[in-house]
*Asks:* 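Provided herewith is a single structure, encoded as structure tokens, for subsequent inquiry.
Fair warning: this is a prediction, and the values are worked out from it, not measured in the lab. This chain uses plain numbering: 1 for the first residue, then up along the sequence.
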Amino acid sequence: MTGFSLLMAAASPSATSSPLATPSASPLPSIVPSLPIPSGTPAPVTLANPTLPALLLSGIVWIPLIVGLVLLLLPARSEAERARVRIGAIVGSGFVLVLAVLMWYGFADQGGTLAYEEQRAWLPQLGSSYHLGVDGVSLALLLLTSLLSLVAVLASSRVRERAGAYFALLLLFETGLNGVLAAVDYLLILLFWAMPVVAAFLLIAGWGGPGRSRAALKVLAFGLASTALLLVAVLILAGQSSPPTFDLLSLHNTVLHGPATGLLFWLFFAAFAILLPAVPLHTWFIDAVAEAGAPVAALIGGALPALAGYGLYRTVLGDFPADLHRMRGAILVLTLATLIWSGLSALGQDDLKRAIAFLAQSRSSLVLLAVVSAAPVALNGGVVLIVASGLGVALLLLTAGMIQERTGTHSVRALSGLAARLPRAAILYLVGGLGLLGLPGLAGFVGMVLVFLGAYPVDRTTTTIAILASALLSGGLVVTSSERIFFGPLPDGFARLRDLGTLELTYAVLLVAVIVLLGVFPTLLANDVNFGILSLLARGAG
């Protein structure tokens with residue numbers, strides 16, 4: 001299906017109707033007549049040697065952690081030693097991105113099952129196994145997290161203090177991100193879920209800005225709260241199964257009775273809403289992005305919401321479709337509250353990084369709109385939007401970091417006329433901002449259009465308000481901040497600023513290239529994502 005045919009399909013009633021709109025009957029057979037409904041029964045546990053594709057997936061998960069542990073053992077006192085540590089981190093993270101691209105290139109629809117699947121004995125007494133696998137949704141997000149992790153490592157070239165620990169924590173962050181997206185066992189997911197939280201806490205506390213202590217503690221507190229909610233939900237869900245198991249696919253077949261279903265729905269939803277972040281659970285996110293160094297802020301702002309969106313897709317939509325339908329009104333109110341609050345807050349910020357953090361939160365709220373609509377077209381658009389937003393937010397935060405490094409400030413009011421001295425930074429900022437707004441030809445366009453076209457037939461009022469609020473508030477921020485920062489008279493103190501260097505251009509242009517590539521050829525991801533969405537909806541129907 002081409003990008004144009006995806007848009008045309010979005011306009012048809014059969015493509016945009018939500019399978020949750022009528023609880024008594026599901027239209028999935030008419031939407032995906034050729035799609036086999038997954039049985040939900042995992043492959044038997046085996047101790048046999050994993051195949052090469054499985055080794056690729058395990059490599060994506062564990063190579064960053066292994067490389068990080070090695071870097072901790074290397075001395076980093078002299079500049080030559082620090083350079084060796086940086087090169088090791090670049091090689092490790094770059095190799096993971098290569099593996100992710102190879103997996104994407106070799107990916108094919110598995111007819112409702114997982115690709116590159118690996119399952120081996122781990123904790124059989126608890127009903128838990130080492131179970132990895134990906135579909136189109138998780139593979140798209142793995143590409144995002146692998147790319148952002150490499151960019152964060154490249155952008156950290158000026159780190160001098162405790163370089164070994166810094167890069168080891170960045171790689172721990174990457175292992176946690178990739179592990180959540182690849183794991184198909186809830187105990188594994190919990191293990192990986194805590195890794196980015198701990199890594200972000202330590203990175204902000206050790207290398208953050210003036211308010212790093214408070215911001216780091218908030219990251220830890222909210223992150224542990226999310227983990228605790230997820231743990232309680234998983235334990236309740238596993239206790240309902242017979243025999244007890246933590247396998248995600250097996251638990252899908254567990255029949256829940258009474259209030260347990262509603263309780264589990266809200267536990268899972270709250271755990272993911274914290275990292276999304278949704279109002280009023282968002283304050284940690286704003287502080288973390290503002291106080292973290294630019295590379296760490298890019299990972300927090302671009303990758304952590306992707307994990308939350310994935311959880312909403314995989315668990316809330318895939319396993320609790322009826323509860324999602326019943327709670328649709330409350331979630332739509334939360335969606336609009338998050339979108340409007342974050343948009344207005346962004347417009348009122350003088351701190352550039354805080355404004356970008358609120359813009360990232362506003363983009364994340366549209367993922368809630370896609371999930372609650374449960375329309376195939378909107379859900380496809382939601383995944384594309386997660387990827388596009390992650391790229392755009394990372395580009396904006398890295399550009400803001402470059403500006404702050406040169407000017408010594410991130411106050412929007414203190415900046416003016418920088419396009420005369422930093423034309424490359426001005427172009428990067430505009431590309432990132434316009435990509436988030438959904439300019440045609442950039443990655444966010446197809447995602448925005450599909451979300452709105454898919455959600456509109458399900459709830460016209462909410463979708464219309466979301467369209468207007470998103471365009472006016474987010475567009476207002478990008479336009480006003482660009483005008484204040486890059487145009488107007490150049491202050492005398494900025495007359496000797498130097499433009500971006502080769503390394504900075506390298507990782508920034510890499511993000512720009514992917515943003516443009518996905519904008520021009522959206523089917524590079526959309527086709528694979530579509531297979532994963534249809535499988536999730538088939539699970540919810542069966």
*Asks:* Indicate the atoms forming the closest heavy-atom contact of Ala308 with Leu275, along with that distance.
*Replies:*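 Closest heavy-atom pair between Ala308 and Leu275: CB-C, 3.7 Å.
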*Asks:* Kindly give the heavy-atom pair with the smallest separation between Leu396 and Ile356, and that separation in Å.
*Replies:*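 Smallest interatomic distance, heavy atoms only, reads O-CD1, 3.6 Å.
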*Asks:* Do Phe167 and Trp207 have ring centres separated by under 6.0 Å?
*Replies:*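 They do not qualify: ring centres at least 6.0 Å apart.
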*Asks:* Sequence neighbours excluded, which residues qualify as side chain to side chain donor-acceptor pair (under 3.5 Å) partners of Arg86?
*Replies:*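 Side chain to side chain donor-acceptor pair (under 3.5 Å) list for Arg86, sorted by chain: Glu79.
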*Asks:* Do Ser58 and Glu118 get their side chains close enough for a donor-acceptor pair, meaning under 3.5 Å?
*Replies:*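 Ser58 vs Glu118: donor-acceptor pair found between side chains.
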*Asks:* Taking all non-hydrogen atoms of both residues into account, name the closest pair between Tyr313 and Ile533 and its distance.
*Replies:*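 So the two residues come closest at CE2-CD1, 3.4 Å.
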*Asks:* So which atom in Ile300 and which in Ala292 form the shortest heavy-atom distance, rounded to 0.1 Å?
*Replies:*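 Where Ile300 meets Ala292 most closely, the heavy atoms are CD1-CB, 4.4 Å.
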*Asks:* Between Glu504 and Arg406 (salt bridge meaning N to carboxylate O under 4.0 Å), is one present in this structure?
*Replies:*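 Arg406 and Glu504: salt-bridged.
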*Asks:* Taking the six-membered ring for Trp, are Trp62 and Phe192 parallel (under 30°), tilted (30 to 60°) or perpendicular (over 60°)?
*Replies:*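 Trp62 and Phe192: tilted rings.
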*Asks:* Charged N to carboxylate O under 4.0 angstrom, Asp287 versus Arg212?
*Replies:*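 Result for this pair is no, no salt bridge flagged.
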*Asks:* Is Phe222 close to Phe285 at the side-chain level, that is, under 4.5 Å between some pair of heavy atoms?
*Replies:*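 SC-SC contact between Phe285 and Phe222 ruled out.
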*Asks:* For Val372 and Leu369, work out which heavy atoms get closest and say how close.
*Replies:*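 Here Val372 and Leu369 meet closest at CG1-O, 3.4 Å.
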*Asks:* Would you call Glu291 and Arg354 a salt bridge, using N to O less than 4.0 angstrom?
*Replies:*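 Result for this pair is no, no salt bridge flagged.
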*Asks:* With a 4.5 Å heavy-atom cut-off, do Leu317 and Leu379 have their side chains touching?
*Replies:*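 Answer yes - side chains close enough.
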*Asks:* Rounded to the nearest 0.5 Å, how far apart are CZ of Phe268 and CG of Leu237?
*Replies:*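 It is 5.0 Å, given to the nearest 0.5 Å.
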*Asks:* Go through the steps for Trp193 and Phe272 under the test ring-ring contact (aromatic ring centres under 6.0 Å, His included), then give the verdict.
*Replies:* CA-CA 11 Å; Trp193 191 265; Phe272 303 136; 5.7 Å; yes
